[in-house]
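Below is one structure, written out as structure tokens; comments come after it.
Note that ligands are numbered from 1 as they come in the structure, with each ligand's atoms numbered from 1 the same way. Just the heavy atoms: all of them, side chains too, but no hydrogens, waters or symmetry mates, feed the values below.
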Amino acid sequence: MTHICYKENNLCCEDVLLADLAEEYGTPLYVYSKNQFLENFHTLETALGEGDHRVCYALKANANPAILKLLAEHNAGADVVSGGELFLALKAGFSPDRIAFAGVGKREDEIEYALKNNVAFLNVESIPELQLVSRVALRLNTTARVALRINPDIDAQSHPYITTGLSENKFGIAAPKAMEAFTYAASLPSVEVRGIHVHIGSQITSAEPFVLTAQFVVTFVEQLRASGIAINHIDFGGGMGVRYFNAIHHEGLPKEDPAHDKIPEPADVIAAVAPLLRSTHCSLWLEPGRSILANAGVLLTRVAYIKDSGQKKFVIVDAGMTDLLRPSLYNAHHQIAPVAIETYEHELVDVVGPICETGDFFARNRTMNRVKSGDVLAVLTAGAYGFVNTSHYNGRPRPAEVLVNGERVRVIRQRETFEDLL
Ligand code: LLP
């Protein structure tokens, strides 16, 4: 993480002190570094090298309209999974010929919306969906460009809730049925089968599953071509993992478990698979979300109380699972660091929110810097799958979001008020 780092003992986002942002805009607060996510995007672009390619940002990771607009201005494509995301992508200025529409359960009206807007590809996940796409395209007197999502039955070795490429997962067309599905798709009216889509999971922390998937895709494209189905497009999905442990360094912070440090850089993963995939001469699209936004965002939260139960010490903060769901849902780890390091003393605590759920925690049995009521903490690597999963549960208005560019700060989403709960 380069744009979010300590300068002396103060945690900064670019040239702005996070402590000042908490003071001015209140907490809980999402803060994003514009230069960090644009740099992440360009690193992936560069890693794809020459040849027909596109980095289609997966909107599900963070769909703030200001962020989307910036990515669109930098020529990103978009990966959308609902009519709502397609609407946001179009509003942000992503050109339709750079948009792929994925999703396991697209509704008829969503398919119609995508076809009317002439998106580049519908990534289709089942035979019944293919039939519906064909019917809608026929009715609209248009042709649907389609990529079939294949489930290669390859283990992404990630959390089971975000593993998508195993035969037991609901996603894609099972590999043994893939050839039949392509043959059927090629026979349907108003459907043009252009490509193959794969996405085996998210937060994948080694290159191996990606390489296995690339090998699968290359072999399958050859088989398709041998049986007369001319494929010229590969959408390789997203899924590159990012570093949640030891995301940030300062001599005063406790070191986190180094076992999680060996995560390949997303660009290295691409370097490992791109030559293989390129051998097919297909256009190559990626759909990264997390690797673009995650380390560009933090969630700021203020310590409300410290409670010592005798058995445990609880740091009770003003953000909860309604503001960042990942720890509660996946037991996900986010490093938590004070925005101003005042002491090098560490202690074992649980960091918990105010929600009436035992699962409302950010960290359990975590060695952290000693903090006191009123201190502001940064929950790191929260730029992806953070704000998008906020809710009104327990009558909680959603937090504000601000974007930092150098020393400039822009509110890109107002904090909700009680009125927004109505
Ligand atoms: N393409 C497809 C078809 C996907 O399903 C996903 C993510 C992506 C691309 C983007 O994957 P990424 O590059 O961000 O890993 N809420 C979970 C993550 C869910 C991912 C869902 N699909 C979390 O907080 O970890």
Side-chain angles (χ1 to χ4, degrees), residues 37 40-41 43-44 47 54-63 67 71 76-82 85-86 89 99-106 121-126 129 147-152 156-166 169-173 195-206 209-210 213 234-244 263-267 269-270 273 285-297 299 321 323-334 362 379-391:
F37 70 74
N40 293 342
F41 165 71
T43 303
L44 299 181
R54 188 151 310 293
V55 175
C56 292
Y57 169 64
L59 265 75
K60 61 178 80 65
N62 186 324
I67 291 174
L71 287 166
D79 161 50
V80 302
V81 290
S82 66
E85 281 194 352
L86 176 54
I99 299 179
F101 186 16
V104 71
K106 298 180 199 72
F121 295 103
L122 286 168
N123 292 342
V124 171
E125 302 211 18
S126 66
E129 187 192 339
L148 293 192
R149 178 168 177 180
I150 305 306
N151 181 326
Q157 293 156 22
S158 186
H159 188 283
Y161 289 5
I162 52 175
T163 292
T164 54
L166 287 175
N169 303 137
K170 69 178 174 181
F171 298 99
I173 295 165
I196 172 167
H197 175 219
V198 282
H199 171 80
I200 58 164
S202 194
Q203 185 55 12
I204 302 169
T205 54
S206 86
F210 289 107
T213 305
I234 295 171
D235 182 335
F236 198 64
M240 279 92 73
V242 302
R243 179 187 276 239
Y244 285 98
I263 297 178
E265 288 297 323
V269 172
I270 296 177
V273 296
W285 285 25
L286 293 182
E287 304 170 340
R290 192 188 312 266
S291 50
I292 295 178
L293 250 303
N295 71 356
L299 172 65
M321 63 193 287
D323 306 298
L324 179 65
L325 185 61
R326 303 193 71 258
S328 305
L329 192 55
Y330 314 109
N331 212 7
H333 180 96
H334 286 262
F362 288 129
V379 184
L380 298 163
T381 330
Y385 305 110
F387 187 92
V388 281
N389 271 322
T390 55
S391 77

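Pairing each heavy atom of Val242 with each of Ser291, the nearest pair is CG1-CA, 3.8 Å. Between Ala89 and Leu59, the shortest heavy-atom contact is N-CD2, 4.0 Å. Residues Phe171 and Val104 share a closest heavy-atom pair of CD2-CB, 4.3 Å. For the residue pair Ile292 and Leu44, the shortest heavy atom distance occurs at CG1-CD1, 3.8 Å. The shortest heavy-atom contact between Ala384 and Arg326 is O-CD, 4.0 Å. When every heavy atom of Gly241 is checked against every heavy atom of Pro266, the shortest pair comes out as O-CG, 4.2 Å.
In Tyr330, the part holding a heavy atom less than 4.0 Å from any atom of ligand 1 is the side chain. The part of His199 lying near ligand 1 is the side chain, judged by heavy-atom distances below 4.0 Å. Contact annotation: for Glu287 versus ligand 1, heavy atoms closer than 4.0 Å belong to both the backbone and the side chain. The residue Leu329 has no part lying near ligand 1, judged by heavy-atom distances below 4.0 Å.
Under the 4.0 Å criterion applied to side-chain N and carboxylate O atoms, Asp235 and Arg149 are not assigned as salt-bridge partners. Between Glu129 and Lys106, at least one side-chain nitrogen of the basic residue sits less than 4.0 Å from a carboxylate oxygen of the acidic one, meeting the salt-bridge criterion.
Residue Pro288 has at least one heavy-atom neighbour below 4.0 Å for each of these atoms of ligand 1: 13 (O). Near Arg149, with a cut-off below 4.0 Å to any heavy atom, the atoms of ligand 1 are 3 (C). Here is the list of ligand 1 atoms found below 4.0 Å of a heavy atom in Gly238: 9 (C), 13 (O). The contact set between ligand 1 and Asp79, taken as ligand atoms under 4.0 Å from a residue heavy atom, comprises 1 (N), 9 (C). Contact atoms of ligand 1 toward Ala58: 10 (C) (distance under 4.0 Å to a heavy atom of the residue). Of all atoms in ligand 1, numbered sequentially from 1 with element shown, those under 4.0 Å from a heavy atom of Gly289 are 12 (P), 13 (O), 14 (O).
Contact between Gly239 and ligand 1 is present, with at least one heavy atom of the residue lying under 4.0 Å from the ligand. Within the 4.0 Å heavy-atom shell around ligand 1 one does not find His159. Remark: distances from the non-hydrogen atoms of Gly237 to ligand 1 are all 4.0 Å or more.
Ring to ring, His333 and Tyr244 are not that close: their centroids are 6.0 angstrom or more apart.
Residue Arg290 has at least one N or O atom closer than 3.5 Å to an N or O atom of ligand 1.
Protein heavy atom nearest atom 14 (O) of ligand 1, with residue, atom name and distance: Tyr385 OH, 2.6 Å. Nearest protein heavy-atom contact of atom 24 (O) of ligand 1 is Arg326 NE, 2.6 Å. Counting only heavy atoms of the protein, atom 15 (O) of ligand 1 lies nearest to Ser202 OG, 2.4 Å. Residue, atom and distance of the protein heavy atom nearest to atom 19 (C) of ligand 1 are Ile162 CG2, 3.7 Å. The protein atom (non-hydrogen) at minimum distance from atom 22 (N) of ligand 1 is Lys60 CD, 3.5 Å.
Looking only at side-chain heavy atoms (C-beta outward), His197 and Glu287 come within less than 4.5 Å of each other.
In this structure, Phe236 and Phe210 have tilted ring planes: the angle between them lies in the 30° to 60° band.
More than 12 heavy atoms of other residues, nucleotides or ligands lie within 6.0 Å of CD in Gln157, so this atom counts as buried by the packing criterion.
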